[in-house]
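For reference, the structure discussed in these notes is given below.
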Amino acid sequence: MNSVSTSGAGASGESTSGAAPRSLNWRVVDIVVASVLGVACGFVFLVWNTVGYAWFQAMDALTPGLGGIATGIWLIGGVIGGLVIRKPGAALYVELIAAIVSTLLGSQWSISTVYSGIAQGIGVEIVLAIFLYRRFSLGVAMLGGMAAGWGAFVLELFTSGNLGKTLQFNIIYFVTLSISGAILAGAVGYFVVKALAKTGALDRFAVGREQHSA
């Protein structure tokens with residue numbers, strides 16, 4: 001995580017314009033809001049550990065690998081964190097906090113949930129870094145959600161034994177994981193952030209100011 005700045009939420013710290021100077025240093029408000037988002041997503045994950053996993057198993061029973069279509073909600077923390085904070089490390093931080101909360105509250109996957117959070121958060125970070133933390137459109141959010149899924153896919157090749165499964169399984173799982181990441185994490189995360197911005201809760205962030213100036 002970058003060094004923390006205690007300065008206020010000036011336009012220079014949050015502008016998304018390529019011409020305007022801005023700081024990628026974290027402010028105290030960034031840490032606080034990112035932490036709150038992480039905890040909130042952790043509770044969402046806890047619910048999805050039951051609902052989503054039931055859906056996952058039902059799809060996988062139809063066709064092995066099809067369960068990936070249910071995974072997107074577990075990837076949403078990094079997308080939301082990245083879209084709100086818009087600074088290096090935010091996607092990873094929020095996804096990791098969410099994973100830790102889910103683990104502490106009784107995730108059936110225990111500590112492996114934390115490893116998944118790290119892999120998924122890194123996936124989103126890579127996408128945001130490619131765009132230099134300056135583009136936060138629906139398309140970028142969906143790509144970030146897909147990349148979170150790709151991070152999970154790579155991790156699970158080794159931690160879940162998927163490397164030893166058939167090529168057909170891995171292709172189906174990769175495709176459905178990508179689709180779910182794009183829609184349930186990327187698109188849903190994007191519109192959740194927009195909805196939060198409309199309430200005024202994110203007025204100290206660029207996404208909030210953009211909403212009010214639209």
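Hydrogens, waters and symmetry mates are skipped; everything else that's a heavy atom, side chains included, is used.
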Taking the side chain as C-beta and beyond, is there a heavy-atom pair between Ser107 and Leu46 under 4.5 Å?
no
Using a 3.5 Å distance criterion without hydrogens, assess whether the side chain of Asp30 forms a donor-acceptor pair with backbone atoms of Arg27.
yes
Output the distance between atom CG (Leu62) and atom CG (Leu66), rounded to the nearest 0.5 Å.
6.5 Å
Is any NZ, NE, NH1 or NH2 atom of the basic residue among Glu210 and Arg86 found under 4.0 Å from an Asp or Glu carboxylate oxygen of the other?
yes
To the nearest 0.5 Å, how far apart are CG in Leu196 and CZ in Phe191?
13.5 Å
Check the pair Phe131, Leu143 against side chain to side chain contact (heavy atoms under 4.5 Å, CB included), reporting the backbone distance first and the verdict last.
CA-CA 11 Å; Phe131 291 100; Leu143 185 57; 4.1 Å; yes
Taking it one step at a time, do Leu202 and Val193 satisfy side chain to side chain contact (heavy atoms under 4.5 Å, CB included)?
CA-CA 9 Å; Leu202 302 178; Val193 170; 4.3 Å; yes
Specify whether Phe174 and Trp150 have parallel, tilted or perpendicular ring planes, treating 30° as the upper limit for parallel and 60° as the lower limit for perpendicular.
parallel
Please determine if Asp203 and Arg209 form a salt bridge, counting it only when a charged side-chain N lies under 4.0 Å from a carboxylate O.
no
Heavy-atom closest contact (Ser178 atom, Met146 atom, distance)
O-CG, 3.3 Å
Are any non-hydrogen side-chain atoms of Lys165 and Tyr173 less than 4.5 angstrom apart?
no
Donor-acceptor under 3.5 Å (Thr113 side chain, Ser102 main chain):
no
Using atom types as modelled and distance alone, determine if a side-chain donor or acceptor of Glu95 lies under 3.5 Å from a backbone N or O of Gly117.
no
Backbone of Pro88 reached by a side-chain donor or acceptor of Trp26 within 3.5 Å:
yes
Approximate separation, where rounding is to 0.5 Å, of Leu184 CG and Thr71 OG1
7.5 Å
Looking only at heavy atoms, what is the nearest atom pair of Ala91 and Leu128, with distance?
CB-CD1, 4.5 Å
Do Val29 and Phe205 come close enough that some side-chain heavy atom pair is under 4.5 Å?
yes
Determine whether a donor-acceptor pair (N or O, by modelled atom type, separation under 3.5 Å) exists between the side chain of Asn170 and the backbone of Thr166.
yes
Quick check: closest heavy atoms across Phe45 and Ile73, and the distance to 0.1 Å?
CE2-O, 3.1 Å
Report the C-alpha separation of Phe169 and Thr63 in whole Å, then their side-chain angles, then the decisive distance to 0.1 Å, and conclude whether the side chain to side chain contact (heavy atoms under 4.5 Å, CB included) test is met.
CA-CA 8 Å; Phe169 169 86; Thr63 302; over 6 Å; no
Between Val79 and Gly144 the two heavy atoms that sit nearest each other are CG2-C, 4.2 Å
From Ser137 atom OG to Met142 atom CE, the distance as rounded to the nearest 0.5 Å:
10.0 Å
Tell me the closest heavy-atom pair linking Gly72 and Ser180, and the distance in Å.
N-OG, 2.7 Å
Take a 6.0 Å sphere around CD of Gln57 and say whether it holds more than 12 heavy atoms from other residues, nucleotides or ligands.
yes
Side-chain donor/acceptor of Asn162 to backbone N/O of Leu157, under 3.5 Å
no
Going from CD1 on Ile172 to CG on Leu177, what distance comes out if it is rounded to the nearest 0.5 angstrom?
13.0 Å
Would Val114 and Ile111 count as a side chain to side chain contact (heavy atoms under 4.5 Å, CB included) if you check the C-alpha gap in whole Å, the side-chain angles of each, and the deciding distance to 0.1 Å?
CA-CA 5 Å; Val114 176; Ile111 191 65; 4.0 Å; yes
Keeping the roles fixed (side chain from Ser35, backbone from Ile31), state whether a donor-acceptor pair exists under 3.5 Å.
yes
Residues Ala34 and Val94: closest non-hydrogen pair is O-CG2, 3.6 Å
Expected output: side-chain Gln108 to main-chain Asn49 donor-acceptor under 3.5 Å
yes
With a 4.5 Å limit on heavy-atom distance, are the side chains of Val39 and Ile97 in contact?
yes
Partners passing ring-ring contact (aromatic ring centres under 6.0 Å, His included) against Tyr190 (at least two apart in sequence or in another chain):
none
Tell me if a side-chain donor or acceptor on Gln120 pairs with a main-chain N or O of Leu75 at a distance below 3.5 Å.
no
Which residue pairs satisfy the ring pair (Phe, Tyr, Trp, His ring centres under 6.0 Å) criterion with at least one member in residues 101-123, sequence neighbours excluded?
Tyr53-Trp109, Trp74-Trp109
Between Val84 and Leu37, is any pair of side-chain heavy atoms under 4.5 Å apart?
yes
Any heavy-atom pair between the side chains of Tyr93 and Ile85 that's under 4.5 Å?
no
Is it the case that the side chain of Ser110 and the backbone of Ser112 share a donor-acceptor pair, with hydrogens and angles ignored and the cut-off at 3.5 Å?
no
